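What follows is a set of notes on a single structure, which appears directly below.
Along the sequence shown, residues are numbered consecutively beginning with 1. Quantities reported herein were computed from a predicted structural model and do not represent experimental measurements. All values below were derived from every heavy atom in this structure, side-chain atoms included, with hydrogens, water molecules and symmetry-related copies excluded.
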Amino acid sequence: MDKQSIIGFILIAVLLGVFVWISRPSEEQIAAQKKYQDSIARVEFARQLAEKQAGSALMQAKDSAGVLQTTQNDSVFHVQYGAFTPVMEGSDEFTTLENDVMELSLSNKGGRIYKARLKNYRTSDSLPLILFDNDEADYGFNFITTNNRILNTSDMYFKPIAGADGKSVTMRLSLNDDQYLDFIYTLAPGDYMLRFDVSAKNMDTVLSPGTNSLDMHWVGKIRQQETGRKFEERYTQIYYKFTADDVEKLSESKDDSKSLSGRVQWIAFKDQFFSSVLIANEGFTSVKLDSKMVSDGMYLKIFDSQMAVAFDPTGKEVTGFRFYLGPNHYSILKKYDKGVASDDRQELDKLVPLGSSIFRWVNKWLILPMFNFFGSFIGSYGLIIFLMTLVVKLVLFPLTYKSYMSSAKMRVLRPQVEEISKKYPGQDKAMDRQKATMALYSRAGASPMSGCIPMLLQMPFLIALFMFFPSAIELRQESFLWAKDLSTYDAVYTWNQYIPFITPYFGNHISLFCILMTIVNLIYTKFNADATNTGQQQMPGMKYIMYLMPLMFLVFFNQYASGLTYYYLVSTLLTIIQTLIFRQFVNEEKLLAKLEENKKKPRKRSGFMARLEEAQKKQQEQARQRAKTNAKRR
C-alpha cells in the first residue's frame, strides 16, 4: 500500500470519529428516550396482566358453572368471519379421485389436492412415485368479505360431493343452501390432465362489492426423485408461458424471482422427469414467481407463485383451470395441442428440454421419430441407442468421408510440407513458410478448411443428442449391461466422504461408461493426431492439450446419464472403425499421384483461397515494415 493510500484511510477514520462524536445524543435526549421506553413497558405489562386476569375469570366461570360460556365467544367468532363462520371449523377428511394412471387425494380442508401419486412410475428407491403430499403443495384463493376481512380458502372446510359418473368430485364451500362455492375436479380415464373449475352461487352478497378477481397463491416443495441430486437440480425449475407467446423459465442454478406484467397462460413446477402445471383458461395476471434452492435433504427446491384470476361471484361465469400432474414425456405433452389453433396452443412439450433453434428441430423431426420407431418393436434401450448411433453415422457418412479425404490429402503432402519447413526455418521466416505451404495446397487441390466444414455440419447432431438423452424419460429406470438406469450415472464404485475439488465436480462415484468413453477418446485422439499430422510446426504443448480434452470429459460427464456416455462411447468406436475402413479402401499412393497431376493443370483459385493469400501478403508486408522500423531504431 502506498503512502497516499495510508494517508487517505487515516483521514477517513478521523472524519468518521468526528461525525460519531458530533452525532451523539445529549443527556436530555437519552433521558427522554428512556422515559418513552419505560412508558411502553408499563403499557405492555398492563396488557399482559389484563389478559391473565381475563383468563383466570374465564376458568373460574367454567369451574363454577360447569360449562364454557360459548355464546359470547361465538358472537366474537361471527364478527370476525361473518357469513363464513360455518366453514371455519371442521375435521380433516379425504376423498379419492383416480383413473388408471393417477391417484389423487382431495382434502376437505381447503378443498385442494392433498396428494398425487403416479401409478406407472416409481422412485429411484423403487417406492411409489409421489409428486407431492400434505403441505408439499398448497394452493388457495383470498377473499375480501363485506366487512373487509381477508380470508383464504386454505383455512376453510369443504364438503365432498361425488359425481354420478365416478370421474368427478365437487368440493363445496357451503355458507347456506343458496350460497356456496364449488371446486369441481374432473379426471378422464388414462389422462394426466385434471380439469379444475371454480364456480360460485350468490357469493356476491358476502364478498366485497365490485369483486371480479381473486388472488391465488400456489407453493410447492420439489422432491428428489432420481439418483443424481446435482444432475436433477439442473432440470428443476419454474417454467411459464405467456398467452400467445413463448415459454420462459427461471434460473435452475441459483435463487431467482420475477414479476411478470403480461398475461400468463400457465405456470409449471418442473422436475427432471415430472411436472405439476397449473393452466388458467383465461390466463393469470399480476404474476410473481420465486424459486429457492435447497442445499440438502429430500427437497431440491421450493417454488412459490402468486397471481390473480378472473372471478364472477354471482355464478354466471365459471373460472376454469387445468392441472397437469404427470411425466415430462414429449408425446404425451404434444397431444394436448393436437388440432388446436397455433395461437391457442399450450406448448407443454417445451417442458422437455430438447435444445433451442436448430437443435430442437433436429431432435423433434429426426431423433425422436427414429427413437420412437425403434422403441415400437425393440425392448432393449441399449440396443436402441446403438442402432440410433449407427443410423446417425450412416447419415453423416458423406461428411465424414469428405473430412477424411481432406486429411488424407494433407497427409500425403506432408513430406513436401516438411521440405518447405526445412527451406524456411525459424520464426523470422514463418510468413514465407506459410505462404509456400498454402501455394502447395492450392496447386495440388487441397485445402485445410475443407476438413473443418464437414465437422461443423455434424455439430447440430452432436449437440441435439447431448440434449436428448438426459431428458428422455423413456430411458428412466431402463437397464442395460451393468447400468441399472440409463437416465442417470452407472456407478461401479461410490463413497460417502466429501473430498474437496472432487465431490463438487466429479461426484462421489465412478461411472464405468464414462471411464470407457474417456479411454476410447484418448485412443482416438492418438489415432487422429497421427492421421492428421501435416508436417507443419505446431504450437508448443498443443499435442498435450489434445489429450487433456478427453480427461476433461471424464470430469464433466461422470454425473451425466449413462445413456449419453454410452452413446458417445459407441459413436467414437464407430468413428474409429469408419476411419480404418477408409484407410483400407483409399490408396494414398494413387491419391498423391492425382494431386501431382493437379499441380500441372491451370487451377482457378477459389474466392476463399484468394482472400487467404491476400491476407498473407498483407501480413508479410506488415512484418517487413516492422523489421525495417526495428532496424532503423537499432
More than 12 heavy atoms from other groups under 6.0 Å of CG on D177: no
Flag if over 12 foreign heavy atoms under 6.0 Å of CD1, I358: no
Ring geometry between F513 and W482 (parallel below 30°, tilted from 30 to 60°, perpendicular above 60°): tilted
Donor-acceptor under 3.5 Å (D337 side chain, Q346 main chain): yes
Donor-acceptor pair, side chain of K301 and main chain of T236, under 3.5 angstrom: yes
Under 3.5 Å side-chain donor-acceptor pair for R234 and Y560: yes
Enclosure of I144 CD1 (heavy-atom neighbours >12, cutoff 6.0 Å): no
Check against salt bridge (charged side-chain N to carboxylate O under 4.0 Å, His left out), D178 and K201: CA-CA 7 Å; D178 200 43; K201 183 177 182 181; 3.4 Å; yes
Counterpart residues, salt bridge (charged side-chain N to carboxylate O under 4.0 Å, His left out), relative to K292 (two or more places apart): D290
Residues D343 and R345 bridged, charged N to O under 4.0 Å: no
Verdict with reasoning, F284 to L278, per side chain to side chain contact (heavy atoms under 4.5 Å, CB included): CA-CA 10 Å; F284 300 108; L278 179 59; 3.8 Å; yes
Check: H509/Q559 side-chain N/O donor and acceptor closer than 3.5 Å: no
Any donor-acceptor pair under 3.5 Å from D256 side chain to S291 backbone: no
Heavy atoms of other groups near E248 CD, more than 12 under 6.0 Å: yes
Backbone N/O of S571 and side chain of T389: donor-acceptor pair under 3.5 Å: no
Heavy-atom side-chain proximity of T565 to Y489 below 4.5 angstrom: no
Taking every non-hydrogen atom, the tightest pair across N108 and S91: ND2-O, 2.8 Å
Side-chain donor-acceptor pair present, N152, H217, cut-off under 3.5 Å: no
Check ion pair K241-D246 (N to O, under 4.0 angstrom): no
Ring centres under 6.0 angstrom apart (F466, Y568): no
Any I367 side-chain heavy atom under 4.5 Å of L465 side chain: yes
Verdict with supporting geometry, S199 and D197, side chain to side chain donor-acceptor pair (under 3.5 Å): CA-CA 6 Å; S199 177; D197 292 326; over 6 Å; no
Smallest separation among heavy atoms of I384 and I378, with atom names: CD1-O, 3.6 Å
D182 and T170 side chains, donor-acceptor separation under 3.5 Å: no
Distance-only side-chain donor-acceptor flag, S275 / N328, under 3.5 Å: yes
Ring centers of Y381, F480 separated by less than 6.0 Å: no
For I473 against P327, the heavy-atom pair lying closest together: CD1-CB, 3.4 Å
Modelled atom types, side-chain donor and acceptor of N99 and Y192, under 3.5 Å: no
D138 versus W218, side-chain donor and acceptor atoms under 3.5 Å: no
Crowding at CG, D296 (>12 non-hydrogen neighbours, <6.0 Å): no
Stepwise side chain to side chain contact (heavy atoms under 4.5 Å, CB included) test for V198 and F183: CA-CA 5 Å; V198 178; F183 289 178; 3.9 Å; yes
Verdict with reasoning, R229 to V294, per side chain to side chain contact (heavy atoms under 4.5 Å, CB included): CA-CA 11 Å; R229 178 186 181 91; V294 179; 4.2 Å; yes
K167 atom NZ, over 12 foreign heavy atoms within 6.0 Å: no
Donor-acceptor contact below 3.5 Å, side chain K270 vs main chain Y235: yes
D215 side chain to N142 backbone, donor-acceptor under 3.5 Å: no
Residues, nucleotides or ligands: over 12 heavy atoms within 6.0 Å of E317 CD: no
Backbone N/O of M467 and side chain of S471: donor-acceptor pair under 3.5 Å: yes
Backbone of M298 reached by a side-chain donor or acceptor of Q224 within 3.5 Å: no
Salt-bridge contact R263-D245 (side-chain N to carboxylate O under 4.0 Å): no
F321 and F323 aromatic centres sub-6.0 Å: no
Cation-pi check, R112 onto Y139 ring (under 6.0 Å, within 45° of axis): no
Donor-acceptor side-chain pairing of Y114 and D133 below 3.5 angstrom: no
Under-4.0 Å salt bridge between K119 and E103: no
Residues that D485 engages under salt bridge (charged side-chain N to carboxylate O under 4.0 Å, His left out), provided they are two or more places apart: none
Heavy-atom pair with the smallest gap, counting every atom of L104 and I113: CD2-CG2, 4.2 Å
Minimal non-hydrogen separation, Q225 against L131, with atom names: NE2-CA, 4.3 Å
Ring geometry between Y121 and F274 (parallel below 30°, tilted from 30 to 60°, perpendicular above 60°): perpendicular
Donor-acceptor contact present, side-chain R117 to main-chain F132, <3.5 Å: no
Sidechain N-carboxylate O distance under 4.0 Å for K350, E347: yes
Sub-4.5 Å side-chain heavy-atom contact between N372 and Y330: no
Whether over 12 other heavy atoms sit under 6.0 Å from L127 CG: yes
Row check, Y299 ring normal vs K221 NZ/CZ: under 6.0 Å, within 45°: yes
L462 vs Y567, side chain to side chain contact (heavy atoms under 4.5 Å, CB included): CA-CA, chis, key distance, verdict: CA-CA 10 Å; L462 296 176; Y567 159 74; 4.0 Å; yes
Derivation of the salt bridge (charged side-chain N to carboxylate O under 4.0 Å, His left out) call for E136 and R223: CA-CA 9 Å; E136 293 174 346; R223 291 187 174 197; 2.9 Å; yes
Partner residues of F303 under the ring pair (Phe, Tyr, Trp, His ring centres under 6.0 Å) criterion, sequence neighbours left out: F269
Smallest separation among heavy atoms of L333 and V352, with atom names: CD1-CG2, 4.0 Å
Charged N-O contact under 4.0 Å between R476 and E226: yes
Check: S479 side chain, A483 main-chain N or O, donor-acceptor pair, under 3.5 Å: no
